[in-house]
Amino acid sequence: MSRSDSHMQPPALARGRTSRLKRLVRLARKEIRESLRDRRTLMTLVMMPLIVYPLLGLLVQRFAVARINPKSPEAIVLIDERIPPNEAAMMLRELPMSVGNAGLRSSEDPELAARPGADTGAKPPVPEQLKNLTQGLIQGAATAPPRIRIEPQQFAADSVQIAVRSGAVDVGILLVPGSSATSPGTMQPETYRIVCREGDSFSERAAAEVEVRVRENRDSFVRSLMERTQFGSAPMFLVRRLSLAAEGPQESPLSAFVPLMLVLMTMTGAVYPAIDLTAGERERGTLEMLMAAPVARSDLLIGKFVAVFLVAVLTAIINLIAMVLTLTATGFDRILFSNGAGPLMFVQVLLLLVVFASFFSAVLLSVTSFARSFREAQAWLIPLMLISLAPGILSLMPGVRLTPALSLVPLVNIVLLGKELFQGIASPALFVLTLIVTAGYSFGALLVASRIFGNDTILYSSDLRSETGNGRRVKATQVPMGLVLKCLAVVLPALVVLSGLRGRLVSPDNTQGQLLLSAGLLVLLFAIVPMVFLRQANIRLKAAWSLNSFAWTSIPGAVLLGLFTWTVAYELLILGNGLQMWQDLMENPALKKMLDRLLSDTPLMLQILCLALVPAVCEELFFRGVFFNGLTRGASRWWWPLLISSGVFAAAHVVTDASMSLARLPGTFLLGTVLGLVRIRTGSVVPGMVMHFTNNALLLSLTSLAPILSRLGLDLSLENQVHLPISLLMIASIGAGLGLYLTGTGMRRNPEDTTR
Amino acid sequence: MSISGAAQPSTPSAPPVAVVDVRHLVKTFPSASGTVLAVNNVSLQVFPGEVYGLLGANGAGKTTTLRMMLGLQQPTSGIVQMAGFNVATDPLEVKRHVSLVSASSGLYQWLTPREMMLYFADLYDIPEDEAQSRIEMLADLFDLRHFMDRRCAGMSTGQQQRVNLARSLMHDPPIVLMDEPTRGLDIVGSRRIFEYTSHLRDLGKAVIFCTHRLDEAQRLCCRFGLMFQGQLRLEGTLKELQKKTGREHLTDMFLDIVPRDADLYSANTNTAAPYSQQDSGLQQEQGPAARKWGADR
């Protein structure tokens with residue numbers, strides 16, 4: 001430090017008020033400058049695409065070669081039942097000559113037969129080897145004439161056409177009977193119709209081959225006939241080709257893969273700067289200086305957002321260019337852009353990526369703003385990336401098209417739209433809708449990020465622990481949200497995995513063992529695991545579980561609710577069963593059968609123990625105890641914890657009981673909500689246990705009592721889907737209402753209960 | 001700039017106007033084990049040209065108090081007036097008049113000191129030409145000339161520290177908050193901080209100097225506030241405190257206000273215990289109450 005301090009200026013410099021926009025631009029400029037100077041950003045920005053795309057191109061080429069090298073695949077030919085089998089076999093005998101020569105006599109498309117496997121479009125000639133590769137990539141076929149295999153079973157003409165159209169067989173042969181005419185000139189000869197799938201080059205080539213063989217065979221037959229009889233001049237047979245439109249568009253897997261790749265690379269480009277500008281700043285200790293400056297947090301965030309967004313867009317552009325270059329160099333562009341790729345398409349794809357980049361940048365910023373350090377941010381981002389991959393994979397499935405509903409789903413809409421843009425079949429309306437929706441999501445995500453970024457409770461959360469050591473302790477009874485999330489992160493996946501393993505651990509025939517095992521699972525996951533977490537965090541179990549005292553009137557109330565809530569759940573279940581879509585999607589008959597056996601083979605008391613008592617106690621301790629309390633602390637509205645805990649409660653049930661399918665979701669959700677209400681009204685988890693137990697025990701007994709009930713006119717088997725009688729529903733609603741009332745009366749305020 | 005031994009309290013000629021005015025500040029935190037009272041009814045005033053030493057062990061609530069003064073954290077209750085502005089209603093004006101120097105603050109590794117100072121000038125709404133002249137002046141003052149245009153990533157710790165100090169003076173604030181500024185610094189670095197602080201005092205700035213090192217505070221500060229468990233237990237000039245407590249050194253005074261069985265150093269504070277003259281096995285995190293509860297389980 002130099003020691004001249006005389007010329008320090010007086011405090012409070014004259015300050016210019018630059019316009020906000022100007023300042024935002026400067027804020028963003030600094031963030032961009034900082035990001036772009038970082039070598040790691042440049043790596044993902046430039047090096048990755050330059051390496052990844054050519055590498056992928058090479059791999060795909062290899063893959064294509066591997067698929068082509070083996071002998072040409074067989075074309076399956078289905079034959080009209082009117083053609084005698086032995087005649088068909090004779091007609092389709094392999095010719096001594098190669099198809100290339102014989103094909104000249106093809107009736108409709110001599111060009112096609114003359115240049116086997118060539119594209120039909122007027123495109124510049126493609127080198128032969130490359131053509132094979134590209135063809136192989138789409139169809140898995142080579143240019144050699146396909147070998148012909150005759151399907152032994154024969155079908156009616158209609159069925160043959162359907163089979164060809166659906167792609168079950170490649171070629172069909174139909175026989176259109178001739179008509180004997182009154183005058184010689186109008187006689188209609190017998191016609192063989194060779195049916196192929198339009199636009200499917202393998203089917204077309206196979207049909208050309210079949211056509212050549214049939215024609216050759218019929219011609220020689222006619223020639224020999226004419227030689228023998230020296231009679232008649234008109235051809236006795238006609239061979240015609242018929243192209244049928246294929247069902248569902250033909251698509252190359254590349255057309256879905258490339259947009260997904262572009263999206264993933266755009267994401268990768270944004271990740272590093274997003275972490276660096278939030279968690280990185282926090283780790284290096286520059287964020288606090290920023291926060292100490294007289295700038296609104298939202299302005300800082302916008303600056304950071306612009307930087308991340310621009311880096312993401314740059315990544316997208318570089319990736320797009322690298323991808324196009326790779327595709328052109330390898331010749332894949334001709335497959336991918338089946339309907340021609342104009343500059344407009346690239347502009348559209350780029351626009352899509354730009355909107356996506358803004359969305360993902362905002363999401364990234366809101367996630368990374370939570371993190372205290374680079375490593376923590378990366379840990380946060382892994383689940384985000386996995387979640388993002390799932391819809392991407394969905395869009396890879398062939399035949400999935402963008403619908404108005406799907407265009408509302410983030411990421412899915414982008415990848416699907418990208419795919420359709422490449423195929424040239426994108427709907428302009430959905431394109432615009434997707435852009436608007438994604439822009440809306442970006443805005444929403446940015447709002448969320450601005451609430452999180454620099455929020456003091458998040459900014460200094462790491463310091464709390466050291467502060468608590470010396471601070472004065474007030475209470476030690478509340479469940480922090482983080483603990484609940486950690487607990488859920490362990491319990492839910494474990495629940496899915498372990499219930500899946502249940503059948504392996506104990507033989508499915510051992511029904512009693514199965515029941516006990518599932519009860520043990522509940523105890524382990526919903527009671528013991530949370531208990532371990534709570535103990536580690538040094539939280540009073542009784543408080544965390546809400547094992548509080550309650551008014552005695554709530555017990556009859558809970559019993560009433562337990563007796564009657566199921567009626568509404570049952571009605572919801574029937575409604576849900578009506579939704580065949582869900583049912584078909586999720587139904588697992590094997591599991592359902594097992595469950596039925598489980599319920600019929602075991603003594604009722606064991607069922608009630610394992611399926612009513614244990615779940616009632618454990619699930620209540622968890623969902624209405626720990627989970628509910630954790631949510632209550634972070635929630636601004638009283639009904640938030642109610643809805644979220646019921647949602648997770650329902651989801652956990654659906655996940656474990658695949659046999660019951662999603663149809664069970666609304667009913668279980670309702671049950672969870674009522675249980676949550678009871679928990680709120682009584683301030684304790686015990687009445688909920690009573691209600692839960694009553695509900696489950698009653699339902700178990702109903703299954704056993706079904707024969708008796710049906711004699712009373714009550715049919716409760718779901719297959720029959722009968723609604724409950726109105727009288728019963730009315731009694732039930734009165735009972736449930738009374739129950740709910742009773743749970744709230746006579747309660748006294750519990751000082752430890754935070755929900756009231 | 002001289003480094004005086006025991007600093008003299010400033011004696012303003014006019015009736016003193018507190019530039020920092022904190023009243024009944026309270027901060028509670030939710031934590032994994034309940035609510036924690038981090039700052040408990042703290043009131044203090046600091047005047048221009050005064051260096052106020054806010055002292056206490058780690059976790060006593062010093063940093064939280066500073067952050068609330070700057071509006072980085074919202075107080076649970078209490079009023080903070082900085083340079084005449086209320087933190088709750090006018091946070092940006094407060095930030096404009098205050099600077100924070102912290103041992104934990106870093107630099108933008110990919111920017112040069114000049115770029116970084118210009119960036120902060122921008123954040124503080126300083127016009128560009130004025131910012132340029134100020135940068136020149138601060139570069140001279142802190143001897144930064146020969147690395148003004150090199151990226152911070154390649155600079156030594158000492159250089160980085162100087163850049164940080166220069167950066168904190170960019171907007172020429174009347175109030176400077178220093179949060180453990182000497183933490184992790186060697187003798188030369190600490191000495192630079194002392195010189196810098198004296199310099200600020202000479203310029204008539206109000207400085208709050210937070211530290212747990214009572215020896216250095218005693219040399220540097222005009223007035224002291226001793227915090228323990230979120231409360232300001234003792235306050236005054238060294239002479240006043242000596243009179244009040246009958247002790248010569250701050251260290252002894254501090255040990256007096258700390259109960260013998262207090263949980264002074266929490267288990268997760270890895271700093272060595274410089275004043276601990278006893279090792280009574282109190283390093284358990286939860287304190288007596290929790291230990292009792294722990295025995296219940």
Side-chain angles (χ1 to χ4, degrees), chain A residues 1-5 7-18 23 26-27 30 33-35 37-38 281 283-286 288-296 456-457 459-460 463-478 480 482-483 535 537-541 633, chain B residues 1 29-38 40 57-60 64 67 70 72-74 92 95-96 100 102 104-108 110-111 119-120 122-127 130 137 140-143 171-174 192 195-196 199 202-203 229-230 263 266-269 285-287 289-290:
Chain A
M1 205 188 290
S2 92
R3 315 297 164 221
S4 62
D5 25 299
H7 45 269
M8 276 290 249
Q9 289 170 19
L13 292 168
R15 287 178 178 98
R17 304 279 159 164
T18 39
R23 182 143 99 176
R26 286 199 222 151
L27 287 181
K30 170 250 159 191
R33 185 188 284 162
E34 207 198 342
S35 291
R37 279 188 189 167
D38 196 331
E281 282 225 6
E283 190 172 357
R284 289 189 298 268
T286 48
E288 194 171 45
M289 300 185 331
L290 275 188
M291 291 298 153
V295 187
D456 60 345
T457 51
L459 197 57
Y460 300 119
D463 302 339
L464 292 188
R465 199 168 299 171
S466 61
E467 300 277 4
T468 56
N470 287 352
R472 193 156 293 165
R473 184 173 310 277
V474 181
K475 278 186 246 169
T477 54
Q478 293 172 335
L483 183 126
R535 284 224 161 177
N538 205 25
I539 298 169
R540 274 170 60 193
L541 292 183
R633 279 209 39 218
Chain B
M1 195 189 290
F29 287 117
S31 80
S33 44
T35 309
V36 167
L37 201 51
N40 188 0
N58 293 319
T64 309
R67 284 173 181 163
L70 198 42
L72 295 181
Q73 270 177 310
Q74 300 300 316
L92 293 191
K95 286 176 182 176
R96 225 182 283 284
L100 176 69
S102 164
S104 58
S105 51
L107 301 179
Y108 290 110
W110 301 102
L111 300 185
Y119 174 60
F120 273 87
D122 218 18
L123 293 179
Y124 284 91
D125 273 338
I126 302 168
E130 201 171 328
M137 192 269 289
D140 283 338
L141 186 65
F142 288 95
D143 205 7
H171 59 295
D172 198 11
R192 194 176 291 121
E195 288 176 351
Y196 170 79
H199 171 75
D202 296 345
L203 288 173
Q229 286 193 338
D263 179 16
S266 61
N268 49 15
T269 307
E285 193 178 351
Q286 281 76 30

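First the proteins, then the strands, lettered A, B, ... as listed; each starts at 1.
- When heavy atoms are compared at a cutoff of 4.5 Å, L111(B) approaches chain A by way of both its backbone and its side chain.
- Both the backbone and the side chain of L123(B) have a heavy atom closer than 4.5 Å to some heavy atom of chain A.
- With sequence neighbours left out, the side-chain hydrogen bond (donor to acceptor under 3.5 Å, both in side chains) criterion links R33(A) to no other residue.
- Closest heavy-atom contact between A292(A) and L72(B): N-CD2, 3.8 Å.
- With a 4.5 Å cut-off on non-hydrogen atoms, E281(A) touches chain B through its side chain but not through its backbone.
- The most heavy-atom pairs under 4.5 Å with chain A, out of L92(B), L107(B), L100(B), come from L92(B).
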Checklist entry - Under the side-chain contact (heavy atoms from CB on, under 4.5 Å) criterion, do R23(A) and D125(B) qualify, and how do the steps go? => result CA-CA 9 Å; R23(A) 182 143 99 176; D125(B) 273 338; 2.9 Å; yes
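- Side chain of R26(A) to backbone of Y119(B): no donor-acceptor contact under 3.5 angstrom is found.
- In this structure E34(A) satisfies the side-chain hydrogen bond (donor to acceptor under 3.5 Å, both in side chains) test together with K30(A), sequence neighbours excluded.
- Closest non-hydrogen pair, M291(A) versus K95(B), comes out as O-NZ, 2.9 Å.
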